[in-house]
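These notes concern the structure reproduced below.
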Amino acid sequence: MTIKETVTTQRAFFQTGKTRSVDFRIAQLKKFESAMKANEQLLFDAIFADLKKSRYDTFTSELSLVYRELTFTINNVRKWSKKQRVRTNLLNFPARSYRLAEPRGVTYIAGAWNYPYQLTLLPLVDSLAAGNTAVVKPSEVAPQTSAAMVKMINETFAPEYCCAVEGGSEKAKEILEQKFDHIFFTGGTNVGQIVYEAAAKHMTPVTLELGGKNPAFVLPDCNIATCAKRIVWAKLLNAGQTCVAVDYLLVHSSVEQQLLKEMRSLIEKHYPKNGVSENYMAIVNERHVERIENLIDPKKIYFGGVVDKKNKFVSPTILHNVTFDDEIMKEEIFGPLLPVVRYDDLNEAIANVKKFPKPLSLYVFGSNNGEKERLFSELSFGGGSQNDAVMYFANDHLPFGGVGSSGIGAYHGDEGFKTFSHYKSIMEKGTWLEFWFLKTPPYKEWKLKILRLLIEKL
Ligand code: NAD
């Protein structure tokens, strides 16, 4: 079937109304869960082939999130699908009002390669839960995981309901020529812009989960021992190829040396120095290895800096004495390099961060409430946390998404269901009372007085 035929068939299926039944949706989500369990080995093997990602990392940072979303959604979808009562103002008396979720229709989900499973399958759970049909295209940059997901999805679902296709930018362009009712894209800001333009041609709403340079402030009163652990872990997870990773540190000069030492000792103890291993992932391809290598200024290496292009390995690397003028501060790193920028004046540090496009995440390490509140309220970012990094992503009660060039819209938990739904606002009015005399001519001053009271005060 061509893409055009697939979309036409899915639209026809959607219009039969079958996906509006919550029982149908729950049954499909349970099927999805069984397919994941049955295909776990295939998924583990594929991601190891593409990214050398271990079973441990694959379960903790990919499959477990999809399983959680499935369980949470199966348990809650009935509640989310019910009418949501809202108040009615006196002007509309006698009436009751509510919001009613309806599926958007035919959706398109384009995944990214860095966490190929969760970034493709989690939005798919949300889309199907909301009662849509879906066309899915995993990223071709991780080809084995793409093939594994396409196989699993197409063996599980009928194509008129949910269909996965493989392909790169040409296939993506062909898909984007079709009219969808919602597009969910995860990837870089540049491609996000292309997707947004294509969607505009059909007036299709979008969710864009994009990237950016995520700062982490380290305040003078931070607990170095614990914070160093959390920063190192968050940076080196997935070898730095994480959209919510700490991109760079802004460290108060009074704690800089202590933090640097602590991070180096943790890396020396727990991470490999010379090659990809079961415990440390590869960089996705040679192009990205070269890109990351070019961001390393040898004069600024504090620790690490080993690159092995053949084996797609970049060692955990800390760069110190970095300034906002350095090359590494000009683009999102998306690799295991951690630039440390020293600051003395928080005002100046904030002013520098404001010059960048709005990041996806922002982190604050330290307990000073005044400074923490100031950073969280004064800077604009998608989401973040105090005294930890990355983990807020795994709290399904917190909607996840960016702002400005780091994204549009959000998902995870009930926010995912909302993203893939349209909420109809409905008012049902009683017939036993009618203020006909107030609505109709002649328009007298006393009538206006009553209306003013009703509209302005009550
Ligand atoms: P990318 O933007 O290059 O590619 C992602 C997808 O876009 C692929 O499936 C690809 O087939 C498709 N694509 C490529 N060219 C296209 C075109 N011309 N038209 C339509 N589609 C096209 O992704 P990348 O740069 O390799 O991924 C890294 C970026 O993604 C980083 O910036 C990272 O921060 C971001 N990211 C964000 C999130 C998030 O949840 N916010 C998650 C992961 C990655």
Side-chain angles (χ1 to χ4, degrees), residues 3 50-51 61-62 65 108-123 126 135-143 145-147 149-150 164-178 180 183-201 204 206-214 237-247 283-289 291-292 330-335 356-361 381-384 390 392-394 398-412 415-416 419:
I3 294 294
D50 281 338
L51 293 154
S61 70
E62 302 257 6
L65 283 111
Y108 171 46
I109 294 161
W113 56 265
N114 58 326
Y115 289 86
Y117 298 139
Q118 56 127 324
L119 295 176
T120 311
L121 301 177
L122 215 139
D126 296 342
V135 175
V136 183
K137 191 188 84 60
S139 173
E140 76 287 5
V141 180
T145 63
S146 170
M149 281 186 279
V150 168
V165 290
E166 284 195 78
S169 59
E170 284 311 309
K171 180 62 80 181
K173 279 184 209 151
E174 185 192 340
I175 298 173
L176 288 169
E177 278 165 18
Q178 314 307 315
F180 289 94
I183 295 174
F184 190 107
F185 169 82
T186 304
T189 304
N190 293 344
V191 181
Q193 209 163 348
I194 297 170
V195 173
Y196 203 8
E197 279 169 23
K201 291 205 180 96
T204 300
V206 293
T207 305
L208 302 176
E209 296 286 341
L210 311 176
K213 270 188 106 52
N214 305 323
L237 178 71
N238 231 40
Q241 302 162 108
T242 304
C243 57
V244 287
V246 170
D247 187 274
I283 301 300
V284 66
N285 55 35
E286 284 197 16
R287 182 174 67 81
H288 276 282
V289 177
R291 182 187 61 75
I292 295 167
K330 306 230 161 92
E331 62 175 84
E332 182 184 358
I333 299 166
F334 226 57
F356 283 118
K358 296 174 181 181
L360 183 58
S361 313
F381 55 95
V390 172
Y392 82 96
F393 179 92
L398 279 176
F400 173 72
V403 57
S405 62
S406 60
I408 296 175
Y411 70 130
H412 286 195
E415 196 68 20
T419 285

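Counting convention: from 1, in listed order, for ligands and their atoms alike.
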query: Does any N or O atom in L210 lie less than 3.5 angstrom from one in ligand 1, N or O only?
result: yes
message: Donor-acceptor pair, distance only, cut-off 3.5 Å: does the side chain of R291 make one with the backbone of I333?
response: yes
Polar atom proximity, T186 to ligand 1 (N or O, under 3.5 Å): no
message: Checking contacts now, so for atom 4 (O) of ligand 1, which I'm interested in, is there any protein heavy atom under 4.0 Å?
response: no
- line: The option among S406, S405, C243, A142 carrying the non-hydrogen atom nearest to atom 38 (C) of ligand 1 is C243
query: Which is closest to atom 6 (C) of ligand 1 by heavy-atom distance: Y115, F185, W113?
result: F185
- prompt: Does any N or O atom in T189 lie less than 3.5 angstrom from one in ligand 1, N or O only?
  reply: no
message: Keeping E415 on the side-chain end and F400 on the backbone end, is there a donor-acceptor pair under 3.5 Å?
response: no
- request: Would you check if the distance from the ring center of Y108 to the ring center of F185 is below 6.0 Å?
  value: no
message: If you take the nearest heavy atom of each of S169, G168, G382, which one is closest to atom 16 (C) of ligand 1?
response: S169
task: Report the part of L176 (side chain from C-beta onward, or backbone N, CA, C, O) that has a heavy atom under 4.0 Å from ligand 1; answer both or neither where that applies.
output: side chain
query: Who's the nearest protein heavy-atom neighbour of atom 2 (O) of ligand 1, and how far?
result: G188 N, 2.7 Å
query: In the protein, which heavy atom is nearest to atom 8 (C) of ligand 1, and how far is it?
result: E140 OE1, 3.7 Å
field: atom 18 (N) of ligand 1 [closest protein heavy-atom partner, distance rounded to 0.1 Å]
entry: I194 CD1, 3.7 Å
query: What protein heavy atom is closest to atom 12 (C) of ligand 1, reported as residue, atom name and distance in Å?
result: V191 CG1, 4.2 Å
statement: atom 35 (C) of ligand 1 sits nearest the protein heavy atom G187 O, 3.2 Å
field: Donor-acceptor under 3.5 Å (T189 side chain, S405 main chain)
entry: yes
- prompt: At what distance is the nearest protein heavy atom to atom 28 (C) of ligand 1, and which residue and atom is it?
  reply: F334 CE2, 3.6 Å
- prompt: Please state which protein non-hydrogen atom is closest to atom 31 (C) of ligand 1 and give its distance, to 0.1 Å?
  reply: E332 OE1, 3.4 Å
- prompt: With a 4.0 Å cut-off on heavy atoms, does L360 reach ligand 1?
  reply: yes
- request: With the side chain counted from C-beta on, respond yes when V136 and T120 share a heavy-atom pair under 4.5 Å apart, and no when they do not.
  value: yes
message: Treating H412 as the side-chain partner and F393 as the backbone partner, does any N or O pair qualify as donor plus acceptor under 3.5 Å?
response: yes
statement: atom 21 (N) of ligand 1 sits nearest the protein heavy atom A172 CB, 3.2 Å
message: If we ignore hydrogens and angles and just use 3.5 Å, is the side chain of K213 paired with the main-chain N or O of K330 as donor and acceptor?
response: no
Sub-4.0 Å heavy-atom contact, K171 with ligand 1: no
- request: Mind telling me whether W113 and H288 have parallel, tilted or perpendicular rings, with 30° and 60° as the class edges?
  value: tilted
task: Test Y115 against every option in T186, T242, T145 by the side chain to side chain donor-acceptor pair (under 3.5 Å) rule and name the one that passes.
output: T242
